[in-house]
Amino acid sequence: MPEGHSIHRLARQLTDVFGGQRVRVSSPQGRFAAGAELLDGHVLTRAEAVGKQLLVRFDGEGAGRTTNSPAGGSRADDADGHRVLRIHLGLYGAFSFGGDASFVGASSIGAPRRMGEAENGTEVGEDAEYTGPPAPVGAVRVRLVSDHGWADLRGPTACEVITAEDVQALREAAGPDPLRQAGDDERQDDGASFSRLLRRRGVACGQLLMDQAVVSGIGNVYRAELLWRAGIDPYRLGKSITEQEAADLWADAVFLMHDGVRLGRIVTTQRDPHHPVAREELTLDTDAADIPDEATRFVYKHTGEACPHCGTTIATAVMAGRNLYWCPGCQH
DNA sequence: TCCGTATGAGAAG
DNA sequence: TTCTCCTACGGAT
């Protein structure tokens, strides 16, 4: 159940373990059978996150397969003959991985996590004597298999082979992504465009932070925690947010989400030495690797508890169909 | 066995 | 705003 940090991790992991390799693609469940056939036997070149969307790129040189797929009318490969698998995990889509030691060793995510500690979609299991993928369990939409390991995808909201035009449209529709900064090969996102998109609308800022056209990758947890850390009432309209507040929100999102990528889970109680937040005295300086789950956030799912900042009872309400958590006492 | 829940998003009304 | 889809899991029945 991912916010943007999970998708960036997954993209990195898929590239690490499958990049440059010819991959068998199948759909044990059957619902992606046609798409799997388009990709099967191609080389997986790299995976990339665009906000919460995962784009997995395959080259056009198949294992003797037809490159023209009349089914559906439109060609699925772009001008270079590349094909792109678009995955959106939705609320409960998840990947699981397994393979031999070299497969696990290639993973930037590393060894399997303890049960209960794993964030969906990022665990890697090392099979003692890898002889191929296990029999599929449950509804496996897509299975990727290389010589050294496998990946299963279950429950995605979206899973389809798309065109180069589709990819372009996706990029243009996506709001600035706090996880895409200078040094990435794509465009550099910054706080200025976020500020402009946030501050021009008369819509609750708590709703705008979840709007992927305003900012990419933020979900329900980061939404609640960012606003608490900033001391901003989620019901305040976007146009009432000051430039400074928008800049601070962006800086904090950059920090927290990068930390989410590093840790493999959302931890919002960390201190950013470069951009202190309003509740600086309450943030922690620890490494955060072993913090129990309930201590990794200030307000998300802390309904009824005392606000760590002012002692007011943490409230919950439904905003745009999602549970919102905030402190009515100190978020203004 | 059923029910509720979940870090999402698009369509319908 | 409400509904719908995608799936797994834990707890109640």
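Every heavy atom of this structure was used, including side-chain atoms; hydrogens, water molecules and symmetry mates were not. Letters A, B, ... mirror the listed sequences (proteins, then strands); counts begin at 1.
Using a 4.0 Å cutoff on non-hydrogen atoms, the parts of residues 299-309 of chain A near DNA chain B are A/Y300, A/K301, ordered by number.
Across all strands, A/G321 comes closer than 4.0 Å to no nucleic acid atom at all (heavy-atom distances).
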Taking only nitrogen or oxygen atoms into account, show me every contact under 3.5 Å that the protein makes with nucleotides 9-13 of chain B, one pair per line with its distance.
residue, atom, partner, partner atom, Å
B/dA9, OP1, A/H88, NE2, 3.3
B/dA9, OP2, A/K52, NZ, 3.2

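Taking A/Y222 as the reference, A/H5 meet the ring-ring contact (aromatic ring centres under 6.0 Å, His included) condition, with sequence neighbours excluded. Residues passing the salt bridge (Lys or Arg N to Asp or Glu O under 4.0 Å) test with A/R154, sequence neighbours excluded: none. Partners of A/R31 by salt bridge (Lys or Arg N to Asp or Glu O under 4.0 Å), not counting sequence neighbours: none found.
Per the geometry, CG belonging to A/L89 stands 13 Å off P belonging to C/dA8, to the nearest Å. If you take CG of A/L256 and C1' of B/dT7, they are 14 Å apart, rounded to a whole angstrom. The CZ atom of A/R31 sits 10 Å away from the P atom of C/dC5 (whole-angstrom rounding).
Remark: the A/H148 side chain and the A/S102 side chain contain an N/O donor-acceptor pair separated by less than 3.5 Å.
Residue pairs satisfying the salt bridge (charged side-chain N to carboxylate O under 4.0 Å, His left out) criterion with at least one member in residues 85-97 of chain A, sequence neighbours excluded, are listed as follows: A/R86-A/E160.
Atom name C1', nucleotides C/dC9 and B/dA9: the rounded distance is 23 Å, in whole Å. Nucleotides B/dG10 and C/dA8 have their P atoms positioned 23 Å apart, rounded to a whole Å. Across the C1' atoms, C/dT1 and B/dT7 are found 22 Å apart, a figure rounded to whole Å.
At the phosphate of C/dA8, OP1 or OP2 sits under 4.0 Å from a side-chain N or O atom of A/R154.
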